[in-house]
There are 2 protein chains.
Amino acid sequence: MARTSGSHSEITGPRLRAAAQALFARHGYAAVSMRRIAAEVGVQAGALYNYIPDKQGLLFELMKSHLDELLAAWEALPKGTGARDALEAFTRFHVRFHLDRPDAVFIAYMELRNLEPANFRAIEALRRRYETVLEDILRQGAAEGAFDVADSKHAAFAVIAMLTGVTTWYRDEGRLSRAEVEDLYWSMVRKAVSA
Amino acid sequence: MARTSGSHSEITGPRLRAAAQALFARHGYAAVSMRRIAAEVGVQAGALYNYIPDKQGLLFELMKSHLDELLAAWEALPKGTGARDALEAFTRFHVRFHLDRPDAVFIAYMELRNLEPANFRAIEALRRRYETVLEDILRQGAAEGAFDVADSKHAAFAVIAMLTGVTTWYRDEGRLSRAEVEDLYWSMVRKAVSA
DNA sequence: GTCTATATAACGATAGAC
DNA sequence: GTCTATCGTTATATAGAC
């Protein structure tokens with residue numbers, strides 16, 4: 001909806017990020033113009049530069065805030081001590097978190113190649129921290145004899161790829177509830193790493 | 001390398017597809033210009049239109065030929081009869097095929113949103129045919145009691161996502177051989193669907 | 001803070017010469 | 001089949017008025 005001119009600093013910023021996230025997820029960063037984002041927000045393109053340094057900075061901020069939120073949400077989760085419980089917690093957390101943010105997830109996985117080198121390194125470091133969470137769980141479980149995982153690092157990659165794939169097919173209107181989807185993935189993950 | 005002018009119909013076409021595939025995989029379809037592709041091929045941009053109808057047609061042809069080749073390669077594979085053997089054959093085939101074509105795989109998964117509607121439907125149909133191959137194997141194995149898979153369709157999605165993820169980390173110079181990678185994924189897939 | 005207007009560059013695609 | 005030249009459009013980003 002077009003808006004008349006005036007001061008709207010408190011709402012234009014969030015609206016800009018929301019519009020950019022939705023459009024980047026649907027059409028891709030390179031295919032979306034600043035004019036298109038501005039039209040969605042309801043301002044002219046020039047006004048967006050009161051909130052972002054440039055288009056690249058906008059992409060970086062979206063990806064960084066998503067990964068910061070992902071890591072913070074995991075840290076905040078109450079956890080037990082055993083590796084098996086930790087793996088179940090991680091699996092259900094990952095599925096739930098990603099189903100709640102399909103657009104942010106899509107961008108974080110698809111737009112890495114559109115990041116400038118310094119930004120790419122920063123995002124990759126955050127992603128690596130998250131992968132290490134699962135890697136450590138698998139390594140601990142293998143040491144305890146609860147899991148049969150020869151290569152914790154690559155097993156973690158495989159599990160995360162499997163879990164993240166849920167965003168490509170899950171729809172709220174679909175046949176399965178979120179709880180059923182969690183159960184489905186937990187069943188497969190549990191068995192895949194079992195002794 | 002720049003080339004002098006003249007007739008080169010027999011080599012420019014393949015070079016165009018090879019250059020476009022490499023550039024689309026690295027930077028994304030929307031971020032790569034026809035001028036950039038032409039420079040890689042060693043001709044001027046206008047000359048490319050002797051081989052393709054437009055940029056969209058180029059993307060579609062790359063994706064379609066990749067998926068056609070994928071399905072044909074699977075069909076040509078000698079197969080046993082049991083579900084367990086079929087699953088192992090599928091797993092090893094998928095890993096091997098995808099590791100051999102990282103650029104084509106990347107494009108086929110990342111550029112779906114840049115396809116025009118009619119092209120999107122055609123590509124989706126081919127992808128669906130491939131998913132159904134695994135889905136049928138899982139369903140047969142579940143019916144025989146060899147597998148414990150409650151939902152063949154979504155289990156197939158999960159397994160394919162896990163397997164395709166190999167392209168995000170595997171490097172020929174890395175620690176693991178292709179055979180070891182195949183074994184690693186087969187071990188996880190086998191257990192994930194086991195009874 | 002947003003507007004209009006614009007600087008500067010690149011885009012996809014085509015026409016006509018050779 | 002490829003070239004040069006160009007049409008018409010669009011892009012990111014900025015300047016100055018309000």
Side-chain angles (χ1 to χ4, degrees), chain A residues 1-21 23-24 26-63 107 111 113-119, chain B residues 1-21 23-24 26-63 107 111 113-119:
Chain A
M1 184 188 76
R3 293 174 33 247
T4 54
S5 69
S7 287
H8 300 279
S9 69
E10 70 288 355
I11 58 173
T12 299
R15 281 171 63 93
L16 162 56
R17 284 182 286 276
Q21 181 167 89
L23 288 167
F24 288 169
R26 191 174 316 269
H27 305 290
Y29 169 78
V32 174
S33 69
M34 297 302 291
R35 283 175 174 79
R36 178 77 185 81
I37 298 169
E40 195 73 21
V41 175
V43 297
Q44 293 300 313
L48 300 181
Y49 291 86
N50 288 310
Y51 302 92
I52 56 168
D54 50 27
K55 192 186 179 188
Q56 168 74 199
L58 172 58
L59 175 62
F60 177 68
E61 194 198 82
L62 288 175
M63 295 177 74
I107 292 170
E111 303 297 354
R113 60 190 168 180
N114 286 309
L115 288 173
E116 292 167 1
N119 290 338
Chain B
M1 185 187 75
R3 293 176 30 249
T4 53
S5 68
S7 287
H8 300 278
S9 69
E10 70 287 355
I11 60 172
T12 299
R15 283 171 60 94
L16 162 57
R17 283 182 287 276
Q21 181 167 88
L23 288 168
F24 288 168
R26 190 174 317 270
H27 306 289
Y29 169 79
V32 174
S33 69
M34 297 302 291
R35 284 173 174 80
R36 177 78 184 81
I37 299 170
E40 195 73 21
V41 175
V43 298
Q44 293 299 313
L48 301 180
Y49 290 87
N50 287 311
Y51 302 91
I52 57 168
D54 50 26
K55 193 186 179 188
Q56 169 74 199
L58 172 57
L59 175 63
F60 177 68
E61 193 198 82
L62 288 175
M63 295 178 75
I107 292 169
E111 303 297 356
R113 60 189 168 181
N114 285 309
L115 289 173
E116 291 167 2
N119 290 339

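A note on names: the letters A, B, ... follow the listed sequences, proteins ahead of strands, and every chain is numbered from 1.
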Give a yes/no on whether any side-chain N or O of Q44(B) is located under 4.0 angstrom from OP1 or OP2 of dT4(D).
-> yes
When you check the phosphate oxygens OP1 and OP2 of dA11(D), does a side-chain N or O of S33(A) lie under 4.0 Å from one of them?
-> yes
Which nucleotide in the list [options] gets nearest to the side chain of [X]?
| X | options | value |
| --- | --- | --- |
| Y51(A) | dA13(D), dT2(C), dA13(C) | dT2(C) |
| Y49(B) | dT14(D), dC3(C), dG12(C) | dG12(C) |
| N50(A) | dT2(C), dC3(D), dA13(D) | dT2(C) |
| T12(B) | dT4(C), dT2(D), dG12(C) | dT2(D) |
| V43(B) | dC3(C), dT2(D), dC11(C) | dT2(D) |

In Å, rounded to the nearest 0.5 Å, how long is the span from CZ of R35(B) to CD of Q44(B)?
-> 9.5 Å
Would you check if the side chain of [X] reaches a backbone N or O of [Y] as a donor-acceptor pair within less than 3.5 Å?
| X | Y | answer |
| --- | --- | --- |
| Q56(A) | E116(A) | yes |
| E111(A) | Y29(A) | yes |
| R113(A) | R26(B) | no |

Could you tell me how far apart [X] ([atom1]) and [N] ([atom2]) are, to the nearest whole angstrom?
| X | N | atom1 | atom2 | value |
| --- | --- | --- | --- | --- |
| I37(B) | dA10(C) | CD1 | C1' | 15 Å |
| D54(B) | dT9(D) | CG | C1' | 16 Å |
| R15(B) | dG1(D) | CZ | P | 16 Å |
| I52(B) | dG1(D) | CD1 | C1' | 15 Å |
| E10(B) | dT2(D) | CD | C1' | 13 Å |
| L48(B) | dT4(D) | CG | P | 14 Å |
| M34(A) | dA13(D) | CE | P | 7 Å |
| Q56(B) | dC11(C) | CD | C1' | 16 Å |

With a 4.5 Å heavy-atom cut-off, do Y51(A) and R17(A) have their side chains touching?
-> no
By nearest-nucleotide position on DNA chain D, the 5'-leaning member of A30(A) and G46(B) is G46(B)
